[in-house]
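Just below is one structure, and these are the notes that go with it.
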Amino acid sequence: MTVFFFLSGYLITTLMRMEWETCGSVSLGQFYLRRALRILPPFYLTLALATAAAAIGILPFGFTPSAVVAQSLHVFNYWLITHRSTGEPAGTGVYWSLAVEEHFYLVFPLAFIALQKGVREPARRAMILYAVCAAILAWRMILVYRLHASADRTYMASDTRVDSILYGCALAIYGNPSLDGSSRFSEATWKWGILPVSMGVLLLTFVYRDAAFRETMRYSLQGVALTPLFMTSIRYPTWGIYRPLNTRAASFVGVLSYSLYLVHHVILFAVQDHVAIHPVGQAAIALGLSLALAWTIYRLVEKPCAVLRRRLSRATRAPGPRGADVQATRSEAQVPSPEVGS
């Protein structure tokens, strides 16, 4: 999940930075319009279909109306923490992560504008974000070591997980491999020094199972370790470990990534409940159905919404420098969806 949060922060901040550098400002109206048309139609369509499927027995376990309302209002993460049980339609538990994303989208554009206006040097802007990440780590430690909060509290709450997004934001602001100049380190240093250390740190966060560590330091170390991984994946896409990510198959999955993220658990629950075969066979069927449904949503919902976004952007664009809303729309079409786990 941390990887997708990091990706979301990096992509969104890169788009806002492009707009600022092109127009000298960021249009909040355009930002929220693009986000709403990008996120909400597939979000509510999948939730409606899953709720209907649970109501008529296609999905197991049923649902509670309060859970669906919490999902609809983007507060499902705190609903889960408070209730300590699930009542959502089967397979829609991932909506907690989308609630974190929505809270981030509400606040961060204002913070970005404040940083751009109030802090001249990009390095200092990034350091401010890293300081916020450190403060969130301290808050998690207080929750775990002093207040004995539950694992759900630190894992799903926006105030304890938004740092995973902010690490990506900091990279987008300073040292951005897509927008800034060449690295101060040689390719060999990245390949044989920095990258292996980063991968080692990331592996450590997966294998070290101490509960307190997992709910405090784990997310921070993952954010630090992911920064070099993202930088090298963009600067050196032909390296062996990154080459599979640049194949046609990976690009196809990237295009479908948001819808696929929304539907895959729903389909898996339905297949497990109705298809009595070996789990490997169930997984294969669920994968095929998930790809087919995600492609359908992409063609019938996401693509028309993208066209509408472009039309509304052109209609509402203020006169002046060439609008970065067009640049942002083009950039969004070239990268995987930031809402995955988004």
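Everything numeric in this text was worked out from a predicted model, so none of it was measured.
Panel note: side chain Y174, backbone R124; no donor-acceptor pair is recorded below 3.5 Å. No side-chain donor-acceptor contact under 3.5 Å links D273 to the backbone of L59. Looking at H74, its side chain never comes within 3.5 Å of a backbone N or O of E101 through a donor-acceptor pair. A donor-acceptor pair under 3.5 Å is formed between the side chain of R218 and the backbone N or O of R214. Here the side chain of R161 pairs no donor or acceptor atom with the backbone of T154 at under 3.5 angstrom. Under a 3.5 Å cut-off, the side chain of T51 and the backbone N or O of L47 do form a donor-acceptor pair. Listed for the E302 side chain is no donor-acceptor partner under 3.5 Å among the backbone atoms of I297. At least one donor-acceptor pair under 3.5 Å links the side chain of R17 to the backbone N or O of A172. Remark: side-chain polar atoms of T82 are not paired, donor with acceptor, to backbone N or O of W79 under 3.5 angstrom. Here the side chain of R120 pairs no donor or acceptor atom with the backbone of K117 at under 3.5 angstrom.
Taking the ring centroids of F5 and Y167, they lie at or beyond the 6.0 Å cut-off. When ring centroids are compared, W295 and F252 stay outside the 6.0 Å threshold.
A heavy-atom distance below 4.5 Å is found between the side chains of V100 and I165. Y95 has its side chain out of reach of E88: every pair of non-hydrogen atoms, C-beta onward, lies at least 4.5 Å apart. Looking at I128 and R125, their side chains never come closer than 4.5 Å, going by heavy atoms from C-beta outward. With contacts defined as side-chain heavy-atom distances shorter than 4.5 Å, the pair P177/L171 qualifies.
For the atom pair CG of N176 and SG of C169, the computed distance is 11.0 Å after rounding to the nearest 0.5 Å. A distance of 6.5 Å separates CZ of R309 from CG of L37, quoted to the nearest 0.5 Å. For the atom pair CG of L28 and CG of L110, the computed distance is 5.5 Å after rounding to the nearest 0.5 Å. A distance of 7.0 Å separates CZ of F112 from CH2 of W20, quoted to the nearest 0.5 Å. Atom-to-atom distance recorded for S178:OG and R235:CZ is 8.5 Å, nearest 0.5 angstrom. The distance from atom CD1 of I241 to atom OG of S233, rounded to the nearest 0.5 Å, is 8.5 Å.
Annotation for Q71 and F43: closest pair O-CZ, 3.3 Å, computed over non-hydrogen atoms. Nearest heavy-atom pair, I194 versus P228, reported as atom, atom and distance to 0.1 Å: CG2-CB, 3.7 Å. Considering every non-hydrogen atom in both M1 and S97, the closest pair reads SD-CB, 3.7 Å. In plain terms, the two heavy atoms of A36 and P41 that are nearest each other are O-CD, 3.2 Å. Taking each heavy atom of W96 and L80 in turn, the nearest pair found is CB-CD1, 4.1 Å. In terms of heavy-atom proximity, Y32 sits nearest to L106 at OH-O, 2.9 Å.
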Test log, rule side-chain contact (heavy atoms from CB on, under 4.5 Å), inputs E102 and I39: CA-CA 9 Å; E102 289 301 305; I39 298 169; 3.3 Å; yes
Stepwise side-chain hydrogen bond (donor to acceptor under 3.5 Å, both in side chains) test for W239 and E187: CA-CA 11 Å; W239 282 3; E187 181 175 343; 3.0 Å; yes
I'd like to know whether S158 forms a side-chain contact (heavy atoms from CB on, under 4.5 Å) with F104, so could you lay out the CA-CA distance, the side-chain angles of the two residues, the decisive distance to 0.1 Å, and finally the verdict. CA-CA 8 Å; S158 299; F104 163 76; over 6 Å; no
Report the C-alpha separation of M18 and T14 in whole Å, then their side-chain angles, then the decisive distance to 0.1 Å, and conclude whether the side-chain contact (heavy atoms from CB on, under 4.5 Å) test is met. CA-CA 6 Å; M18 290 169 58; T14 295; 4.1 Å; yes
Given Y298 and L260, is the side-chain contact (heavy atoms from CB on, under 4.5 Å) satisfied, shown in steps? CA-CA 9 Å; Y298 170 72; L260 189 60; over 6 Å; no
Show me the donor-acceptor pairs within less than 3.5 Å that the side chains of residues 132-140 make with the rest of the protein, sequence neighbours left out.
residue: W139; atom: NE1; partner: D159; partner atom: OD2; Å: 2.6
residue: R140; atom: NE; partner: T216; partner atom: O; Å: 3.1
residue: R140; atom: NH1; partner: T160; partner atom: O; Å: 2.8
residue: R140; atom: NH1; partner: D163; partner atom: OD1; Å: 3.1
residue: R140; atom: NH1; partner: D163; partner atom: OD2; Å: 2.9
residue: R140; atom: NH2; partner: D163; partner atom: OD2; Å: 3.2
residue: R140; atom: NH2; partner: T216; partner atom: O; Å: 2.9
residue: R140; atom: NH2; partner: S220; partner atom: OG; Å: 2.8

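Under the 4.5 Å side-chain heavy-atom criterion for grouping Ile, Leu, Val, Met, Phe, Trp and Tyr, L226 is not connected to L221 through any hydrophobic cluster. L203 and V201 fall into different hydrophobic clusters, defined by Ile, Leu, Val, Met, Phe, Trp and Tyr side-chain heavy atoms under 4.5 Å apart, directly or through other members.
Crowding of Y130 atom OH: a count of heavy atoms from other residues, nucleotides or ligands under 6.0 Å exceeding 12. The number of heavy-atom neighbours closer than 6.0 Å to OH of Y208, taken from other residues, nucleotides and ligands shown, is 12 or below.
The hydrophobic cluster around V69 extends to L73, V75, counting ILVMFWY residues whose side-chain heavy atoms fall within less than 4.5 Å of a member.
Taking the six-membered ring where tryptophan is involved, the planes of F31 and Y105 are perpendicular, since the angle between them exceeds 60° and thus also 30°. The aromatic rings of Y155 and Y219 sit tilted relative to each other, their planes meeting at an angle between 30° and 60°.
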